[in-house]
Amino acid sequence: MEDMIAKIVEMDKKARELNDKAQKTKVDYEHQIILKKEKIKTDYLERAKKRIAINQQTAQKRADEKLKRIREKNDAISERLEAAYAENGNAWVERIVQNVLEMQ
């Protein structure tokens with residue numbers, strides 16, 4: 001009988017040890033999952049920041065190029081207006097003066 005009780009106690013001890021080991025393994029896995037989750041989140045945020053920086057640079061480059069084209073176009077228009085004024089300015093002034101004088 002004592003031998004049987006000793007075996008039961010021994011089996012209970014082994015069962016508790018197995019249960020403790022299983023609980024420790026579970027906690028270890030949960031900890032590993034939390035760490036992996038944080039790493040994935042950090043990696044994703046880093047990639048997103050890099051993509052944002054690249055997109056921002058690309059958008060800035062496009063905006064700069066568009067602004068340059070607009071300025072070039074405005075400069076060309078301004079040059080044409082100045083050339084037209086240099087060529088026709090006196091005639092325009094005379095015509096305006098004549099029109100004003102005729103209105104009175």
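Values reported hereafter were calculated over all heavy atoms of this structure, with side chains retained and with hydrogens, waters and symmetry mates removed. For reference, positions follow the sequence shown, starting with 1.
Leu45 CG to Arg47 CZ: the interatomic distance, rounded to the nearest 0.5 Å, is 9.5 Å. Separation of atoms CG (Asp75) and CD1 (Ile70) is listed at 12.0 Å; rounding is to 0.5 Å. A distance of 8.0 Å separates CD in Glu65 from NZ in Lys68, rounded to the nearest 0.5 Å. Distance check: Glu10 CD to Asp3 CG gives 11.5 Å after rounding to the nearest 0.5 Å. Atom-to-atom distance recorded for Gln57:CD and Arg62:CZ is 12.5 Å, nearest 0.5 angstrom. Here the CG-CD1 distance, from Leu35 to Ile40, works out to 11.0 Å after rounding to the nearest 0.5 Å.
One hydrophobic cluster, built from ILVMFWY side chains closer than 4.5 Å, cannot hold both Ile52 and Tyr44; they sit in different ones.
Salt bridge annotation for Asp12-Arg16: present, with a cationic side-chain nitrogen under 4.0 angstrom from a carboxylate oxygen.
For residues 26-40, the pairs satisfying side chain to side chain donor-acceptor pair (under 3.5 Å) are Lys24-Asp28, Lys39-Asp43, with sequence neighbours left out. The side chain to side chain donor-acceptor pair (under 3.5 Å) contacts involving residues 88-101 comprise nothing, where partners must be two or more places apart or lie in separate chains.
Applying the side-chain contact (heavy atoms from CB on, under 4.5 Å) test to Ile54 and every residue at least two apart in sequence or in another chain returns Thr58.
Applying the 6.0 Å contact sphere to CD of Gln56 captures no more than 12 heavy atoms from other residues, nucleotides or ligands.
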